[in-house]
A.B. asks: 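What follows is a single structure, and I will ask about it in a moment.
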Amino acid sequence: MYSVPKLKSFSEAALDKAVEKLLATLKTESKAVKNEEDWKAFRDRWMARKNGVLTQINDLWLKASPKDSKRDVGQRVNEIKAKVTEVVEGRQIKGISRAAVDSLEFRDSVRAEVTQRLDITLPGIRRPLGAEHPVIKTMHEIVSVFRNLGYSVQEGPVIETDYYNFEALNFPPNHPARDTQDTLFIARQESKPQRERLLLRTHTSPVQIRTMEKMKPPIRIVIPGVVHRNDPPDASHSPMFHQIEGLAVDTNITFCDLKGTLDHAMKALFGSSVKTSFRPSFFPFTEPSAEMLVSCFICGGSGKRNSEPCRPCKQTGWIEILGCGMVDPNVYAFVDYDPRKVSGFAFGMGADRIAILKYGVDDIQLFFNGDVRFLEQFG
Ligand SMILES: [Zn+2]
């Protein structure tokens, strides 16, 4: 068996010969490694701190060398160390077994290797944190205002039947909203009776019906969700957008409750100085119906911004923000409520529109293009 010789001469020729013999032995012995046991013995023989071959050449060659050949010997010893490490590791990777990986000893040796090579000054891998989409963020804010008033959140399917989207909400059969110009219908539904035909819901109101079918009054719910309409995309329209609706049904609910609730909600959302105003409107499922306006929170209701006309409120000082009304008694008939005993109000607003106003965005498409440069401004 090979043992590291003491060198009589440190001449280049002598060193060459000694190194050559050592490397030849390394090659032969590495070939003889057949299993993990062999490999461990091989590793220890060459690399063990105590009496390994590398330690021996350090002692017998480098330390023993005369001053003038130290540099040459040192260089050779370093090369040998690198070569030995490479060969020992190479054998190890090839002969690796599951058991070896699991053995603590092996893991420790790998860890030691990794630690030795780890350059902690290298920059790490950056994992930028995501952020809420501005529309989702706005929805969460609106929902939380109503949650604080004791409302609970309800959700429902985006693909709805004509019954829940229109019929049960008191839309007459020939209402223009039922037209394909306005509503996106699922294809090949013609053979079904109208009330069973599937469509992409045009508002979140079907969830009001679904909830009233399941629950008896008192009901206080908010319904956030995605809705679709057959609108070509432009700066203020998108075929897909987000709504938040609310419904409160109980005994003795009046229009005053509606006004008080929504006035509070707007102050919570836009600041305590905003005023609200109601004007008559029409929706099939509420009677009476109203549109609610808030005083423009961008120009403070003056219609002007630094002597420039205020665009969001079109210089009127008011912004139309939602539709609302007292639930039409006809709707209660669809869900088995007694309109003589209960009353309630409903309201709905576009979350995208509110996000547009809030963040001063001038094109709704920006929300849905998925351009990170736009979105990360809200992070
Ligand atoms: Zn304004």
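We number each residue from 1, following the sequence as shown. Counting starts at 1 for both ligands and their atoms, following the listed order. The figures that follow rest on heavy atoms only: side chains count, while hydrogens, waters and symmetry mates do not.
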A.B. asks: Under 2.8 Å from the Zn ion (ligand 1), which protein N, O or S atoms are there? Could you list them by chain and number?
C.D. replies: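 Listed by chain and number, the nearby protein N, O or S atoms are Cys296 SG, Cys299 SG, Cys310 SG, Cys313 SG.
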A.B. asks: What distance do Leu199 atom CG and Arg229 atom CZ have between them, rounded to the nearest 0.5 Å?
C.D. replies: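 Those atoms lie 12.0 Å apart.
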A.B. asks: Is Phe278 linked to Phe270 within one hydrophobic cluster, defined over Ile, Leu, Val, Met, Phe, Trp and Tyr using a side-chain heavy-atom separation of less than 4.5 Å?
C.D. replies: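 Yes, Phe278 connects to Phe270 through the hydrophobic network.
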A.B. asks: With a 6.0 Å cut-off (strictly less than), is the heavy-atom count around CG of Asn252, excluding the residue itself, greater than 12?
C.D. replies: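 Not buried by this count: 12 neighbours or fewer within 6.0 Å.
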A.B. asks: Where is the tightest heavy-atom contact between Thr204 and Gln243, given as atom of each residue plus distance?
C.D. replies: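 For Thr204 versus Gln243, the nearest heavy atoms are N-OE1, 2.9 Å.
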A.B. asks: Let's go through Phe146 and Phe347 carefully: what are the C-alpha distance in whole Å and the side-chain angles of both, what is the deciding distance for ring-ring contact (aromatic ring centres under 6.0 Å, His included) to 0.1 Å, and is it a yes or a no?
C.D. replies: CA-CA 12 Å; Phe146 287 97; Phe347 56 88; 4.9 Å; yes
A.B. asks: Please report the shortest heavy-atom distance between Gln208 and Ile223, naming the atom on each side.
C.D. replies: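 Residues Gln208 and Ile223, closest heavy atoms: CG-CD1, 3.6 Å.
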